[in-house]
Peer 1: 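Before we start, here is the structure in question, set down as structure tokens.
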Number of protein chains: 2
Amino acid sequence: MTTATAGTDLSRATQLFHALSDETRLAVVEMLHDGERCVCDLQDALDVAQSRLSFHLKVLKDAGLVTDRKEGRWVHYALNSDTLAELLTIAGDLKPSRRVLAVRGGRACCD
Amino acid sequence: MTTATAGTDLSRATQLFHALSDETRLAVVEMLHDGERCVCDLQDALDVAQSRLSFHLKVLKDAGLVTDRKEGRWVHYALNSDTLAELLTIAGDLKPSRRVLAVRGGRACCD
DNA sequence: GTATTATATCAACTATTCTTGATTCGTCAA
DNA sequence: TTGACGAATCAAGAATAGTTGATATAATAC
């Protein structure tokens with residue numbers, strides 16, 4: 001069911017993977033794992049320059065991986081679990097089922 | 001069980017995500033989805049310069065996402081489903097469980 | 001042997017991404 | 001108001017990644 005059009009949207013997939021291909025951003029995601037955090041909090045914990053953190057938060061936000069919520073002068077970021085679910089689907093589609101692997105076997109191209 | 005040390009290996013995670021953060025490489029992965037292919041075959045189908053494809057195959061191979069098998073003058077590439085399983089685990093660990101979300105709620109930092 | 005083919009590698013270049021420090025904007029407190 | 005703080009944005013430079021064309025290597029065919 002997921003196979004026919006799976007992976008068609010390569011650019012969306014690359015956007016997600018790219019957003020996660022940076023240690024600072026992954027560390028942010030990890031910190032948000034158990035709930036939302038304000039920027040100052042993340043900055044403290046991760047010990048990164050403010051503008052740098054802001055840059056990475058934007059990458060995550062543009063990819064839809066996090067959401068932000070303004071409250072007074074603070075901004076709270078949280079994981080977007082819909083997008084994380086989307087990621088799981090995409091990642092799952094990359095993995096061939098055992099059956100498919102069995103069907104094609106040694107036979108390949110240029111023989 | 002996966003939680004305590006989950007995500008500790010940020011650099012491995014970034015390597016995997018980075019390897020998948022390119023459309024050409026994702027297209028390769030997609031082509032390998034139903035079995036191994038020789039380079040010439042991939043090159044034909046994807047219509048990319050040979051050295052460029054070789055570069056991208058190396059990125060995928062360095063990340064462990066594909067394996068290569070030399071046969072005469074051809075090299076056949078195939079997905080490494082162990083690594084794809086690893087990817088799924090990593091991606092899964094990014095997504096907080098519903099329970100965790102519920103426990104932490106509005107309360108955050110700087111109040 | 002020589003020629004040809006499949007692939008990898010290298011060097012030079014281009015493009016993209018990341019970092020830094022400065023500036024700006026909005027919010028709150030005095 | 002004015003001043004301070006939290007956060008976003010911008011411009012410039014540094015670093016990294018990707019592309020291209022040329023060359024190298026290894027296997028096969030002649």
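Order of the sequence lines sets the chain letters (A, B, ...), proteins ahead of strands, with each chain counted from 1.
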Peer 1: Can you check the Leu42(B) CG to dA8(C) P distance for me, whole Å?
Peer 2: 10 Å

Peer 1: It should be established whether His18(A) places a side-chain nitrogen or oxygen under 4.0 Å from OP1 or OP2 of nucleotide dC18(C).
Peer 2: yes

Peer 1: Testing the basics here: between Leu84(B) and Pro96(A), what is the closest heavy-atom pair and its distance to 0.1 Å?
Peer 2: CD1-CD, 3.8 Å

Peer 1: Between Ser54(A) and Val39(A), is any pair of side-chain heavy atoms under 4.5 Å apart?
Peer 2: no

Peer 1: For the residue pair Leu32(B) and Leu42(B), establish whether any side-chain heavy-atom pair is separated by less than 4.5 Å.
Peer 2: yes

Peer 1: Could you run through nucleotides 20-27 of chain C and give me one letter per nucleotide, 5' to 3': B if any protein heavy atom sits under 4.0 Å from the base, S if only the sugar-phosphate is that close, - if neither?
Peer 2: BBB----B

Peer 1: Side-chain donor-acceptor pairs under 3.5 Å in residues 17-26 of chain B, sequence neighbours left out?
Peer 2:
residue  : atom : partner  : partner atom : Å
Ser21(B) : OG   : His18(B) : O            : 2.7
Asp22(B) : OD1  : Thr24(B) : N            : 2.8
Asp22(B) : OD1  : Arg25(B) : N            : 3.0
Thr24(B) : OG1  : Arg52(B) : NH2          : 3.2
Arg25(B) : NE   : Ala19(B) : O            : 2.7
Arg25(B) : NH1  : His56(B) : ND1          : 3.0
Arg25(B) : NH2  : His18(B) : O            : 3.1

Peer 1: How far does CZ of Arg37(A) sit from CG of Asp44(A), to the nearest 0.5 angstrom?
Peer 2: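 Result: 11.5 Å between the selected atoms.
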
Peer 1: Going from OG1 on Thr67(B) to CG on Leu79(B), what distance comes out if it is rounded to the nearest 0.5 angstrom?
Peer 2: 8.0 Å

Peer 1: Of the residues in residues 20-27 of chain B, which ones touch DNA chain C at a heavy-atom distance under 4.0 Å?
Peer 2: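 DNA chain C contact set from residues 20-27 of chain B: none.
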
Peer 1: Can you spot which of His76(A), Lys61(A), Lys58(A) makes a side chain to side chain donor-acceptor pair (under 3.5 Å) with Asp68(A)?
Peer 2: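 Running side chain to side chain donor-acceptor pair (under 3.5 Å) over His76(A), Lys61(A), Lys58(A) with Asp68(A) returns exactly one hit, Lys61(A).
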
Peer 1: To the nearest 0.5 angstrom, please state how far the OG atom of Ser81(A) sits from the CG atom of Leu87(A).
Peer 2: 12.0 Å

Peer 1: Distance check: side-chain N/O of His56(B) vs OP1/OP2 of dA17(D), anything under 4.0 Å?
Peer 2: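 It does not, given that no N or O in the side chain of His56(B) lies less than 4.0 Å from OP1 or OP2 of dA17(D).
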
Peer 1: Should Tyr77(B) be listed as having a side-chain N or O under 4.0 Å from OP1 or OP2 of dA8(C)?
Peer 2: yes

